[in-house]
Protein chains: 2
Amino acid sequence: MVKTNTFQKILDGATLLFAQHGYDGAIMDDLAEQCGVNKASIYYHHKDKATLYENVLTALFIPIADAVVAAVELETDPVKKLDTHIKTFSKTSAENPCFASILMREMASGGVNMPARAREQMQRILFLLNQTLQLGQAQHIFQSANPLIIHFMIVGTINLFVSSTPFRQSLPITGQCDQLQNSNIESAAEQISKTIINSLLLK
Amino acid sequence: MVKTNTFQKILDGATLLFAQHGYDGAIMDDLAEQCGVNKASIYYHHKDKATLYENVLTALFIPIADAVVAAVELETDPVKKLDTHIKTFSKTSAENPCFASILMREMASGGVNMPARAREQMQRILFLLNQTLQLGQAQHIFQSANPLIIHFMIVGTINLFVSSTPFRQSLPITGQCDQLQNSNIESAAEQISKTIINSLLLK
DNA sequence: CAATAATGTAACTAACTAGTTAAATTAACT
DNA sequence: AGTTAATTTAACTAGTTAGTTACATTATTG
């Protein structure tokens, strides 16, 4: 089943609109105009608003979870696995900022309305982290820690970083703090990775 | 000017509704019903939906920033200041989970539509952190680090933790991972504080 | 107590919004 | 070319939603 040009155009426009305004704030008439298609075309390609939202989330979450799992599985050392986990998640999130916005909104609702296929992708990432941490513990490299909190540290920090780009640029911080200048995602990921790994390593 | 019972009842109901459904998802008729007041009473006490939202955010953000600033200023040691910063923020957030939900939604939009008074409160918290970090560096206790990323680590992790209570309870994690059991806010705050302080301390 | 101010309410309105319909256009195939 | 299937469109509909109005009730005060 080849997806048409219009199908994808609507999906891309909807991704942006849902990220910017949330489910309730995204207006189907605006979407039609933004994509340059007639509103009825949206309903021709996507059953209804709820289904369109599911389609958006599925298309957004699966590649990110895939990338993280694939990259981590290439490594064998727990420290390297964890570093790769954090950096791959950061990189793929930054490549598509809509992911961070949509995930944050969903988590703000307690994740209750999140479509099952999207939730499954987040669980894949959490399970992968859990495996890595247990491997590290088994090899007496890592001390015991709550994987869910580590997961939240990674996801929470990166989401906030990625989605706050406009906010960051409006911050009236004086030149006295030059650390704030290099606010690119790679250095953020590096700092998060170092921080987490450092706290996990057995002394 | 003494705020009436009804004014506060509407404010409380609106806080919950905005936290659960976001600005666009919160329906004024639902709010009236939930509070047991007539819809026109809402508009008698609060100019319109946007003003009500501002009132909610102001009432929610100011006490949290106040609490963090007050607690941190009681300490003199940078390490103790940072630990208090993280634990006070965690405690006050957990006491009012609506704060986390609303802040996450606002950050998902890039913080662009956040009312000025609410944004100022987040800046107070960030500036306070910046001061603590600089004090620690001046005393040769902390190494240099990006305060914004530390801020995001604290806020992102705690927000996610607080607002994910329903999500956490739905996680089908097997008993093999008993770390997940003690998912209370105090132990989360403890782990975050240790992690961050540990990574900042000069070796 | 009477008058006035403050608060509460049912019913209404105008604009908006998700989704539909039936007809038109374009592409695919024989 | 001619027929059928896929796609697009303008116009429409029914339900929803923020905000209003004119009136009723309750406090307050001189």
Side-chain angles (χ1 to χ4, degrees), chain A residues 1-59 98 102 105-106 108-109 112-115 118, chain B residues 1-59 98 101-102 105-106 109 112-115 118:
Chain A
M1 197 216 301
V2 178
K3 296 300 179 182
T4 64
N5 187 26
T6 306
F7 181 97
Q8 190 62 41
K9 197 159 62 175
I10 293 166
L11 203 67
D12 292 343
T15 305
L16 195 64
L17 211 63
F18 283 133
Q20 287 174 329
H21 304 290
Y23 183 82
D24 291 301
I27 307 303
M28 298 300 267
D29 291 79
D30 294 351
L31 176 59
E33 198 186 2
Q34 199 180 95
C35 298
V37 303
N38 188 279
K39 188 162 69 150
S41 277
I42 299 175
Y43 290 95
Y44 176 78
H45 288 285
H46 304 271
K47 183 175 175 294
D48 53 21
K49 194 181 180 181
T51 307
L52 173 61
Y53 187 66
E54 277 189 43
N55 293 342
V56 164
L57 263 67
T58 305
C98 294
I102 289 176
R105 283 185 208 280
E106 281 299 332
S109 314
V112 179
N113 305 314
M114 185 151 49
Chain B
M1 193 216 303
V2 178
K3 296 300 178 181
T4 62
N5 186 26
T6 306
F7 181 96
Q8 191 61 41
K9 198 159 58 174
I10 293 166
L11 203 66
D12 292 343
T15 304
L16 194 64
L17 211 63
F18 283 133
Q20 287 175 329
H21 303 291
Y23 183 83
D24 292 301
I27 306 304
M28 298 300 267
D29 292 78
D30 294 352
L31 175 60
E33 199 188 2
Q34 198 181 96
C35 299
V37 304
N38 188 280
K39 187 162 69 151
S41 276
I42 298 175
Y43 288 95
Y44 177 77
H45 288 285
H46 305 269
K47 183 176 176 293
D48 53 21
K49 193 181 180 181
T51 307
L52 173 60
Y53 187 68
E54 278 188 43
N55 293 342
V56 164
L57 263 67
T58 305
C98 294
S101 297
I102 289 176
R105 283 186 208 279
E106 280 300 331
S109 315
V112 180
N113 305 314
M114 184 151 51

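Letters A, B, ... mirror the listed sequences (proteins, then strands); counts begin at 1. As the structure is a prediction and not an experimental result, all values here were calculated from the model. Values reported hereafter were calculated over all heavy atoms of this structure, with side chains retained and with hydrogens, waters and symmetry mates removed.
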What is the separation between atom CG on Asp29(A) and atom P on dT16(D), rounded to the nearest whole Å? 17 Å
Calculate, to the nearest 0.5 Å, the distance between atoms CG and NE2 belonging to Asp24(A) and His21(B) respectively. 8.5 Å
Length of the CG-C1' vector between Leu52(B) and dT17(D), whole Å: 15 Å
Atom CD1 of Ile42(B) and atom P of dT17(D) are separated, to the nearest Å, by 13 Å
Give the nucleotide from the list dG19(D), dT17(C), dG8(C) with an atom nearest to the side chain of Lys49(B). dG19(D)
I want to check something: taking the side chain as every heavy atom from C-beta on, are Ser109(A) and Arg105(B) in contact at a cut-off of under 4.5 Å? yes
In terms of side-chain heavy atoms of Lys39(B), which of dT8(D), dT21(C), dG19(D) is nearest? dG19(D)
Quick check: do Asn55(A) and Thr51(A) have side-chain heavy atoms less than 4.5 Å from each other? yes
Have a look at Ala26(B) and say if it touches a base, only the backbone sugar-phosphate, or nothing, with a 4.0 Å heavy-atom cut-off. sugar-phosphate
Has Tyr23(B) got a side-chain atom pairing as donor or acceptor with Ala50(B)'s backbone, closer than 3.5 angstrom? yes
Between CG of Asn38(A) and P of dA18(C) the distance, given in whole Å, is 15 Å
Nearest-angstrom distance from the residue atom OH of Tyr44(A) to P of dA23(C): 18 Å
Nearest-angstrom distance from the residue atom CE of Met28(A) to P of dA10(D): 17 Å
Closest listed nucleotide, where the reference is the side chain of Ile27(B) and the choices are dT8(D), dA18(C), dT17(D): dT17(D)
Nearest-Å distance for atom pair CD/P, residues Glu33(B) and dA10(C): 12 Å
Closest-nucleotide 5' rank along DNA chain D - winner of Ala40(A) and Tyr23(B): Ala40(A)
Among dT8(D), dG8(C), dA10(C), the one nearest any side-chain atom of His45(B) is dG8(C)
Between the side-chain atoms of Asp48(B) and the base atoms of dA18(D), is any donor-acceptor pair under 3.5 Å? no
Does Tyr43(A) make a side-chain N or O approach to OP1 or OP2 of dG19(C) shorter than 4.0 Å? yes
Using whole Å, what does the distance between atom C1' of nucleotide dT20(C) and atom NZ of Lys47(A) come to? 13 Å
Any sub-3.5 Å donor-acceptor pair from Lys49(A)'s side-chain atoms to Ala26(A)'s backbone N or O? yes
Base, sugar-phosphate alone, or nothing: which one does Ala32(A) contact when heavy atoms must sit under 4.0 Å apart? nothing
Thr6(B) side-chain N/O to dT7(C) phosphate OP1/OP2 under 4.0 Å: no
